[in-house]
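Below is one structure, written out as structure tokens, with a few remarks after it.
This structure is a prediction, so every number in the text was calculated from the model and none was measured.
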Amino acid sequence: MKVRDMVLIAILGISAAAVLFALAAYLYIRRRRRKREDDEDGTSCAIRADSTSTDTGRDKNISRLNGFLNLKTPLISTKTLGAQLETTSTSSPQAKSPATSSAGAAAGASTAQGERTPTAHNKQLQNVKQDHPPHPSMAFLQNRSISLVDMYIDNSEPSENVGQIHFSLEYDFQNTTLILRIIQGKELPAKDLSGTSDPYVRVTLLPDKKHRLETKIKRRTLNPRWNETLYFEGFPIQKLQSRVLHLHVFDYDRFSRDDSIGEVFLPLCQVDLSEKPSFWKALKPPAKDKCGELLTSLCYHPSNSVLTLALLKARNLKAKDINGKSDPYVKVWLQFGDKRIEKRKTAVFKCTLNPVFNDSFSFNVPWEKIRECSLDVQVMDFDNIGRNELIGRILLAGKNGSGATETKHWQDMITKPRQTIVQWHRLKPE
């Protein structure tokens with residue numbers, strides 16, 4: 001009897017182990033597949049960094065070469081833009097610090113030695129700008145650039161002084177390489193008990209957040225001098241026009257999470273790279289109320305007075321549940337002034353911060369009322385117990401939208417009837 005019991009226990013143990021092994025294998029394969037799909041959404045570029053600094057650097061292992069990724073669907077599907085795309089870039093005013101302009105010029109001169117410089121191809125591109133009108137597909141790129149500007153830029157004054165950063169940009173047309181020189185920082189706040197910080201800079205080209213470069217750490221200083229050069233290789237000029245340069249300054253901590261000091265966003269569509277611009281930019285404290293983004297489309301048919309709102313997908317939503325996820329759905333109100341007329345809502349998507357809704361709603365709105373109405377779009381977190389929580393919202397309206405992008409989206413819908421206008425929107429907390 002004891003032997004039989006032992007055999008049964010052994011069989012049950014082996015079966016349980018097999019089930020656990022199969023479950024672990026399934027989760028591992030699923031994770032690898034998801035990671036592979038995420039990687040395929042990246043950009044086809046190589047990123048590397050060179051340093052002229054003599055600092056021994058950080059203790060963390062940082063890869064300076066991020067390799068190549070295949071891009072299944074190109075970001076911009078216009079094949080004939082060519083050099084004409086440079087017509088979209090406008091000369092950005094260079095903000096220099098009066099107290100350190102001579103120091104900044106000296107630092108820039110010291111880093112200029114030994115660096116690659118653009119070829120005579122610059123002059124050819126400038127001639128193209130004068131001799132050829134803009135390509136019809138430029139409107140798509142301009143709309144995308146405006147979307148990125150509104151999504152990542154906050155034109156308000158910094159809520160607190162967290163220092164400044166000095167950097168310069170250059171573009172190598174022959175090798176399709178963006179050259180970023182991070183020169184120095186000034187008046188950074190103290191994050192350590194010693195009254196100093198150990199600052200370094202993390203650089204990304206948004207919306208791609210997977211590939212990033214970092215400078216070396218400067219120990220115990222509030223006025224660091226990095227004098228480092230970073231290269232973003234394999235970036236044609238048309239791809240850079242749809243990128244936003246993100247500089248994020250951190251304070252390094254050996255035994256805890258690095259503290260954020262401040263950040264700067266610079267849309268490259270606003271920069272004339274042929275001028276080799278140099279910038280002094282005030283750092284802004286990172287926003288703590290980021291709620292995520294929502295991709296929507298608007299279309300109005302005057303013939304039958306039908307307004308159609310499509311809710312495509314959302315990304316990077318704010319987590320509302322204990323498991324670090326949310327159960328999002330979207331609630332839409334059609335409003336005339338402050339009066340709510342009609343409500344619609346999508347299905348609930350469980351345990352995700354990046355739901356794909358693919359839902360649309362149609363409303364009957366007369367043409368003479370189209371400028372007076374608005375759509376209150378609320379992304380909610382569903383709770384079985386308790387009240388549903390607001391993740392973020394936008395107000396699509398022609399006059400008093402919740403932001404510049406929301407107002408422009410509505411105006412584009414009116415000026416382009418029977419056309420579907422697609423736009424990303426940054427969700428607001430209230």
Kindly compute the distance separating [atom1] ([X]) from [atom2] ([Y]), expressed to the nearest 0.5 Å.
X    : Y    : atom1 : atom2 : result
R426 : C291 : CZ    : SG    : 9.0 Å
F167 : L266 : CZ    : CG    : 5.0 Å
I183 : E228 : CD1   : CD    : 12.0 Å
T296 : W424 : OG1   : CH2   : 9.5 Å
K343 : Q335 : NZ    : CD    : 12.5 Å

- Item | Salt-bridge criterion met for K408 and D412 (N-O under 4.0 Å) |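 Yes, this pair counts.
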- With the threshold set at 4.0 Å, does a side-chain nitrogen-carboxylate oxygen contact exist between D359 and R344?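 The answer is no: the pair does not qualify as a salt bridge.
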- Message: Looking at N304, I'd like to know if its CG atom is crowded, meaning that more than 12 non-hydrogen atoms belonging to other residues, nucleotides or ligands lie closer than 6.0 Å.
- Response: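 Yes - once you tally the heavy atoms of other residues, nucleotides and ligands closer than 6.0 Å, there are more than 12.
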- Item | Cation-pi check, K239 onto F235 ring (under 6.0 Å, within 45° of axis) |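 Satisfied, under 6.0 Å and within 45°.
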- Item | Aromatic centroids of Y171 and F173 separated by under 6.0 Å |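 So the answer is yes for these two rings.
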- Query: Is a side-chain donor-acceptor pair under 3.5 Å present for D272 with S274?
  - Reply: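 There is such a pair (donor and acceptor under 3.5 Å, judged by atom type) between the side chains of S274 and D272.
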- Minimum side-chain heavy-atom gap F232-L240 below 4.5 Å: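 SC-SC contact between F232 and L240 ruled out.
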- Query: Among T346, D381, N388, which one satisfies side chain to side chain donor-acceptor pair (under 3.5 Å) with Y329?
  - Reply: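 The residue from T346, D381, N388 that satisfies side chain to side chain donor-acceptor pair (under 3.5 Å) with Y329 turns out to be N388.
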